[in-house]
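Structure first, then comments.
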2 protein chains.
Amino acid sequence: MLNDDAQPGTATERAYRFTKAGILDGSLPAGELISEGQVARPLRLSRTPVREAFLQLQAEGLLKLFPKRGALVVPVSTGEVEAVIEARDVIESHAIDRVAAASDDVLDEVVAAMTAAVADQVAAVTAADELAFVEADRLFHTVLVRAGCRSLLLDVYGSLRDRQLRMNLGALGGRFPGRSEGLVAEHRALLDRLRARDAPGARQVLREHLAGTRASVLGAPAV
Amino acid sequence: MLNDDAQPGTATERAYRFTKAGILDGSLPAGELISEGQVARPLRLSRTPVREAFLQLQAEGLLKLFPKRGALVVPVSTGEVEAVIEARDVIESHAIDRVAAASDDVLDEVVAAMTAAVADQVAAVTAADELAFVEADRLFHTVLVRAGCRSLLLDVYGSLRDRQLRMNLGALGGRFPGRSEGLVAEHRALLDRLRARDAPGARQVLREHLAGTRASVLGAPAV
DNA sequence: CTCGGACGACTGAGATGCAAGAGGGATGCG
DNA sequence: CGCATCCCTCTTGCATCTCAGTCGTCCGAG
């Protein structure tokens, strides 16, 4: 937010990061109609790279471009929450199946990585570091998906997590109201099932996990 | 291919369609490094809209942009075939579960639409109309996914089918070497299972169906 | 004959300029 | 005072221009 300019990368990348960050952290509020100039001016860029960034963000579903009108920061609708949860369920369940059926070596490696992520989460909770917690949470799930899915689904999953991050921030204002412990416990349960190669059990845990996420996002009136 | 100009839509759209069509029908061969001018010149456009089209196609995975070098028409690798098949399996299986658990009304409607698609396929086979056959095949699956998945997965599935289309054309030169009957039979079997709300059975049929597709794409040396 | 460095053509990244379309507010009329 | 209309501004779409990086080629030295 502060270092608007003099960032690394191409102009397009800078515009992309700036805009995406703005959307994710809420400084570009959902439902707002933003213009290319709004991004180009503070970054001291021309509109060309901004346009390319907008296009990319539209492909990710964070923006919706209206001809001659502007770019709408798509609001997180209830439907979208459901869609994201559904997609996560489908993809992560698949990953579970694959990992549970993998060789010992692969399974061990994945479980180790996921265990480490959980440890990071616990550390983040004690340090009261929101960002680190979210990052570790993301890592936990990403490791699973990376191990169990091919590139295509993996890419989809990546953009999914971005949207979910935004949902959390939008609905909860960035707070995880005491759900941290529950999340960690569910992660541990998932790991247990995975370690035992109990795919149906792991999927069940995942489903409950996602149901909890869904509830905390949808059911939170405010703070 | 013939009507290069005077098409409807914005310049960006025209560039997008032109390039995508070229990639899908093979006139822009996979592995080739194409330049913006190559598309802009025949369409009598400037390079700006072409660039935007390239960006979009990169997001869909059909192109890979190399800075200052050009745009690579990504070759259909064995890995990509596997990835597409995997993703289709995951998404369509999920759709099957959802549809099989849906209300009678929904199920009936979906089955009716899919039955109609199969009928179209049969008609296309007798008419020896490749294009219509592929279109009907696509419709068959799309109806299923549309009924069983929310927007997000549906979008993913859409781009999936494009890539698959390209794989077919690339590997088989557009021919379906006598597999048409098999495809129709498998579609019918899938419909039977679906009609009986036998989700596991339907998934099994689907898996075999996709295995057949995979084999015909990967394992087909020629005709 | 082969290898290496420099030159030139080509390509994309980004900036700028112009024109068309959409919306909102002021204005004139009933 | 309410409403339809016009105009003015804002925003994007696209073209054009400049700059920088990359690659192929050519020429000379060993």
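Protein chains get the first letters and strands the later ones, always in sequence-line order, with residue 1 at the start of each. The figures that follow rest on heavy atoms only: side chains count, while hydrogens, waters and symmetry mates do not.
Applying the 4.0 Å criterion to OP1 and OP2 of C:dA13, one finds that B:R51 has a side-chain N or O inside that range. Residue B:R69 places at least one side-chain N or O closer than 4.0 Å to OP1 or OP2 of D:dC23. The side chain of B:S35 places no N or O atom within less than 4.0 Å of a non-bridging phosphate oxygen (OP1 or OP2) of C:dC10. At C:dA13, none of the side-chain N or O atoms of A:T12 fall inside 4.0 Å of OP1 or OP2 (strictly under the cut-off). Listed pair A:S46 / C:dA15 meets the phosphate criterion, a side-chain N or O lying under 4.0 Å from OP1 or OP2.
Residues B:L190 and B:F140 form a side-chain contact, since some pair of their non-hydrogen atoms from C-beta on lies under 4.5 Å apart.
Relative to the side chain of B:K68, the nucleotides D:dT16, D:dG21, C:dC18 differ in distance, and D:dG21 lies closest.
Taking atom CZ of residue A:R41 and atom P of nucleotide C:dA15, one finds them 15 Å apart after rounding to whole Å. Between B:R47 atom CZ and C:dA15 atom C1' the separation is 13 Å, expressed in whole Å. We find that CG of B:L33 is positioned 14 Å from C1' of D:dG24, with the value rounded to whole Å. Atom CG in B:L55 sits about 14 Å away from atom P in D:dC14, given to the nearest Å. Regarding A:E52, its CD atom lies at a distance of 10 Å from the P atom of C:dA15, rounded to whole Å. Atom P of nucleotide D:dT11 and atom CZ of A:F54 are separated by 11 Å, given to the nearest angstrom. Rounded to whole Å, atom C1' of D:dT12 lies 14 Å from atom CD of B:E13. Atom CD in A:E36 sits about 16 Å away from atom P in C:dG17, given to the nearest Å.
Among the protein residues, B:T10 comes within range of the sugar-phosphate backbone only, with heavy atoms under 4.0 Å from sugar or phosphate atoms but none that close to a base. Residue-level contact check: A:L65 touches neither bases nor backbone, having no heavy atom under 4.0 Å from any strand.
A salt bridge between A:D137 and A:R161 is present, with a side-chain N of the basic residue lying under 4.0 Å from a carboxylate O of the acidic one.
Here A:H94 pairs with nothing under the ring-ring contact (aromatic ring centres under 6.0 Å, His included) rule; sequence neighbours left out.
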- Item | Full working for side-chain hydrogen bond (donor to acceptor under 3.5 Å, both in side chains) between A:D25 and A:S27 | CA-CA 6 Å; A:D25 73 13; A:S27 62; 3.0 Å; yes

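Annotation: of the two residues near DNA chain C, A:A11 and A:P67, the 5′-most nearest-nucleotide partner is A:A11.
A donor-acceptor pair shorter than 3.5 Å cannot be found between the side chains of B:E52 and B:Y16.
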